[in-house]
Amino acid sequence: MIEDLEKEVIEKISPVIRECGKLMLAAKEENISSSTEEKGSRHNLVTKYDKLIQEKLKNKLSEIMPSALFLGEENEKQPDIRNGYAFIVDPIDGTSNFIKGLDTSCISIGMTYDAVPVCGIIYNPYKDELFTAAEGKGAYLNGKQIHVNNDAIEDGLVAFGTAPYNPELSEKMFSMIKSYFGRCLDIRRFGSAALDLCDLAAGRTCLYIEPLVAPWDVCAGTIIVREAGGTVTDLDGNELQFLTKTSIKASNGVA
């Protein structure tokens with residue numbers, strides 16, 4: 001049964017994702033910048049740890065589900081995930097934070113069926129927080145069920161991302177942020193889409209918006225938010241898709 005499969009994936013990959021988190025923590029002892037490369041622009045960076053963690057996860061996930069496709073941020077070519085099972089992985093979400101030692105980064109693994117998320121696992125090693133969710137089974141933080149809050153905009157924190165790889169979207173995004181500033185309790189910009197979604201699912205924020213994200217940024221977080229009682233769409237209110245980049249709006253359903 002699919003429910004048993006999702007449970008098995010979470011149980012088998014959780015120890016591995018924690019081990020990968022230890023690699024991130026160990027990196028604090030060295031100069032990460034020395035092992036950093038640009039991927040097309042100075043805003044889009046990759047480290048040796050991104051590649052190391054992705055390879056480790058790919059090997060383990062292929063053991064768990066040999067027939068599942070693997071879509072990772074550091075892949076040179078991406079598979080077509082429209083049919084069957086696939087893993088969508090971000091080995092380090094929040095790479096700039098990771099490089100600069102801001103301790104706001106995570107590892108994100110989503111599992112899809114016909115390009116629809118059915119399982120999500122996100123680990124923040126700096127707080128030792130493991131977020132998990134499977135379709136129809138609720139969302140959990142370190143084994144304890146979580147739920148979005150009931151804050152209205154006036155009472156809640158709004159998180160946002162600025163899509164730094166796409167400066168042409170800056171004016172639109174900051175105009176949107178300005179419209180919320182003053183209406184909400186305050187705004188936050190953390191630099192990790194996956195953790196922004198986890199914060200919403202855990203009831204820490206009431207809304208998260210970003211003009212452009214990739215599937216690996218938000219796949220796992222999307223099902224975690226939905227299983228925590230929240231909603232996730234694009235900025236126009238359309239169903240989110242995970243085949244190309246998209247805008248995103250995640251809400252507690254009240255804000």
Handout entry: Gap separating the OG atom of Ser108 from the CG atom of Asp90, nearest 0.5 angstrom
Key = 6.0 Å

Problem - Sequence neighbours excluded - side chain to side chain donor-acceptor pair (under 3.5 Å) pairs with any residue from residues 214-230 - result: Arg226-Glu239

Fill in the blank from the handout: The reported gap from CG in Leu197 to CD in Glu210 (rounded to nearest 0.5 angstrom) is 9.5 Å

Practice task
Among Met173, Met176, Lys172, find the one that has a side-chain contact (heavy atoms from CB on, under 4.5 Å) with Pro211.
Solution key: Met173

Exercise for the section: Check the side chains of Thr205 and Asp199 for a donor-acceptor pair under 3.5 angstrom, ignoring hydrogens and angles. Expected result: no

Exercise for the section: Verify the distance criterion only: is there a donor paired with an acceptor across the side chains of Thr244 and Gln241 at less than 3.5 Å? Expected result: yes

Handout entry: Flag side-chain contact, heavy atom, 4.5 Å: Ile122 against Ile107
Key = no

Handout entry: Worked verdict on Val158 versus Ile153 for side chain to side chain contact (heavy atoms under 4.5 Å, CB included)
Key = CA-CA 8 Å; Val158 173; Ile153 272 290; 3.9 Å; yes

Handout entry: Check: Phe98 ring centroid to Tyr49 ring centroid under 6.0 Å
Key = yes

Exercise for the section: Give a yes or no on whether a salt bridge exists between Glu129 and Arg204, defined as a side-chain N under 4.0 angstrom from a carboxylate O. Expected result: yes

Handout entry: Arg188/Asp186 ion pair, N-O < 4.0 Å
Key = yes

Handout entry: From Thr231 atom OG1 to Asn252 atom CG, the distance as rounded to the nearest 0.5 Å
Key = 7.5 Å

Problem - Nearest-0.5 Å distance that lies between atom CG in Asn166 and atom NZ in Lys245 - result: 5.5 Å

Problem - From CA spacing to verdict: ring-ring contact (aromatic ring centres under 6.0 Å, His included), Phe87, Phe70 - result: CA-CA 5 Å; Phe87 291 107; Phe70 183 90; 7.4 Å; no

Problem - Point-to-point distance, once rounded to the nearest 0.5 Å, from CD of Glu55 to SG of Cys20 - result: 11.0 Å

Exercise for the section: Flag yes if more than 12 heavy atoms outside Glu168 fall under 6.0 Å of its CD atom; otherwise flag no. Expected result: yes

